[in-house]
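In what follows, a single structure is set out as C-alpha cells and then discussed.
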Amino acid sequence: MRKIKNLEYSDGKILLLDQTRLPLREEYIVTDDYERIAEAIEKLEIRGAPAIGLAAAFACALSLRNIEQNHESEFRKAVERLRKTRPTAVNLFWALDRMENKFRKCTEIENVYESLIEEAEQIFEEDRQMCERIAGNGLQLFSKVSRVLTHCNTGALVSGGGGTAFYIIQKAFESGLVDHVYADETRPLLQGSRLTAYELDKSGIPFSIITDSSAAFVMKYVGIDLIVVGADRIALNGDTANKIGTYNLAVLAKYHNVPFYIAAPSSTIDKNCFNGNSIDIEFRSGDEIRTINGHLVTRPDFNAYSPAFDITPNELISGIITEENLFKPPYKF
Ligand code: MRU
C-alpha cells in the first residue's frame with residue numbers, strides 16, 4: 001500500500017495529487033483529458049522528473065480514448081503538445097519516445113488505446129522497481145548515523161514508487177542510519193518546505209526546514225554528513241541539471257568537505273548530452289518570485305529573473321546513484 005498516492009490510472013481516468021496545494025490540502029485532479037494533464041505539468045500540479053514522464057505517458061494514451069479513427073493524427077497532436085510542457089527533465093522526452101515506439105508497433109487488430117495504457121502502466125511499474133534499486137544502492141553512502149541535507153523534492157510524490165534521493169534517506173532512516181534531515185525550503189516554489197516536509201512527516205523522520213541561505217551555516221555549525229539530491233537531466237560527463245540552488249549547495253559542500261551525491265533513474269541520463277552546456281534550462285515567470293502562494297511580496301513591476309534549474313559541474317559531485325550502480329568520476333554510464 002502506497003503511503004502517498006501521487007498518480008493513479010483507473011477506469012479511463014487519471015488521478016493526480018495536486019502538489020500546488022500540499023501540504024495544507026490533499027486534493028486530486030481527476031481527468032481523461034490530455035490537455036488538462038499537459039496544463040498540470042506546466043503548472044507543477046504534477047512535478048519532479050520521473051512523475052512528469054509518467055503523467056505524460058498516460059496523457060498520450062488518454063488522447064486515444066473514445067477515438068475510433070485518425071488515431072495517428074490525434075496521437076501526434078498530443079505528443080507534440082506534451083513535448084512543449086517543460087524542457088529540462090529528460091524523463092518527459094524519454095517517456096514520450098517510448099510511447100511513440102509502442103504506438104508504431106501496435107498492430108491493426110490491437111486496441112491501440114488499451115495497448116498504450118498498458119505501456120504507461122509498465123513504465124509506472126518499472127519506475128517503482130527502479131526506486132527500490134536506487135534506494136538499495138544508496139545505502140552504501142551511510143557509514144554511520146548521519147545528518148543529511150537535501151534540496152527540492154524527490155520522494156513518492158515524484159515517482160511510481162518511493163522516489164530517488166528521498167527514498168535513499170527513508171531507507172537509511174529505517175535502518176537506523178539517519179539522525180535528522182535538513183530540508184532546504186527551495187525557493188521560489190517551496191518544494192522543500194511544502195513537499196519534502198510533507199513526505200518526511202509521513203515517514204516519521206525527524207527534520208527541520210531551513211531557508212536555502214542557511215545551508216552554509218548548517219554545514220559549518222550543525223554539521224552535515226551527507227547531501228543527496230535528485231536530477232532532471234544528467235549529461236554523459238556527470239554534469240547535472242537539478243532544481244535551482246543545487247549548484248550553490250554543491251559549491252558549499254565542497255568548501256565544507258561534505259560528500260555531495262546525485263540519485264536518479266538511468267532514464268535521467270541523456271545519452272545525447274556530452275556535458276551540461278547542451279541542457280535546455282527552463283525559465284519561469286517572474287511572478288513566481290514576486291509572489292508567495294499568490295500573495296505579492298514585492299512590487300509587481302519589479303523585474304525578476306527566474307531560472308528553474310541549474311547545472312552542477314561534475315567536479316563538485318562525489319558520485320551518482322542509479323538503479324544500476326553507484327557511479328564515481330570519471331563517469332562511464
Ligand atoms: O520544478 P520541479 O519541482 O519539477 O523540479 C524537480 C526537481 O528539480 C527534482 O529534484 C528532480 O526532478 C528530481 S525528482 C526525483
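Along the sequence shown, residues carry numbers from 1. Both backbone and side-chain heavy atoms feed into the values below; hydrogens, waters and symmetry mates do not. Order of listing sets the numbers, starting from 1, for every ligand and every atom in it.
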Practice problem: Describe, in one word, how the ring planes of Phe333 and Phe327 are oriented to each other, choosing from parallel (under 30°), tilted (30 to 60°) and perpendicular (over 60°). | Solution: perpendicular
Quiz item: In terms of the angle between their ring planes, are Phe58 and Tyr9 parallel, tilted or perpendicular, with boundaries placed at 30° and 60°?
Solution: parallel
Quiz item: Do the side-chain N and O atoms of Gln122 and Glu126 include a donor-acceptor pair separated by under 3.5 angstrom?
Solution: yes
Exercise. Establish, from distance only, whether the side-chain atoms of Asn153 and Thr196 form a donor-acceptor pair under 3.5 Å.
Key: yes
Exercise. State plainly whether the residues Glu100 and Arg98 are in salt-bridge range, i.e. N to O under 4.0 Å.
Key: no
Self-check item: Which residues share a side-chain hydrogen bond (donor to acceptor under 3.5 Å, both in side chains) with Arg36, sequence neighbours left out
Solution: Glu45
May I have a table of the N/O to N/O pairs between ligand 1 and the protein that fall below 3.5 Å, each row giving the two atom names and the distance to 0.1 Å?
{"unit_1": "ligand 1", "atom_1": "1 (O)", "unit_2": "Arg86", "atom_2": "NH1", "d": "3.4"}
{"unit_1": "ligand 1", "atom_1": "1 (O)", "unit_2": "Arg86", "atom_2": "NH2", "d": "2.8"}
{"unit_1": "ligand 1", "atom_1": "1 (O)", "unit_2": "Lys243", "atom_2": "NZ", "d": "2.7"}
{"unit_1": "ligand 1", "atom_1": "3 (O)", "unit_2": "Arg47", "atom_2": "NE", "d": "2.4"}
{"unit_1": "ligand 1", "atom_1": "3 (O)", "unit_2": "Arg47", "atom_2": "NH2", "d": "3.4"}
{"unit_1": "ligand 1", "atom_1": "3 (O)", "unit_2": "Gln191", "atom_2": "NE2", "d": "2.8"}
{"unit_1": "ligand 1", "atom_1": "4 (O)", "unit_2": "Gly48", "atom_2": "N", "d": "3.1"}
{"unit_1": "ligand 1", "atom_1": "4 (O)", "unit_2": "Arg86", "atom_2": "NH1", "d": "2.8"}
{"unit_1": "ligand 1", "atom_1": "8 (O)", "unit_2": "Asp232", "atom_2": "OD1", "d": "2.8"}
{"unit_1": "ligand 1", "atom_1": "8 (O)", "unit_2": "Asn242", "atom_2": "OD1", "d": "3.1"}
{"unit_1": "ligand 1", "atom_1": "8 (O)", "unit_2": "Lys243", "atom_2": "N", "d": "3.2"}
{"unit_1": "ligand 1", "atom_1": "10 (O)", "unit_2": "Asn242", "atom_2": "OD1", "d": "2.7"}
{"unit_1": "ligand 1", "atom_1": "12 (O)", "unit_2": "Ala49", "atom_2": "N", "d": "2.8"}
{"unit_1": "ligand 1", "atom_1": "12 (O)", "unit_2": "Asp232", "atom_2": "OD1", "d": "3.1"}
{"unit_1": "ligand 1", "atom_1": "12 (O)", "unit_2": "Asp232", "atom_2": "OD2", "d": "3.0"}

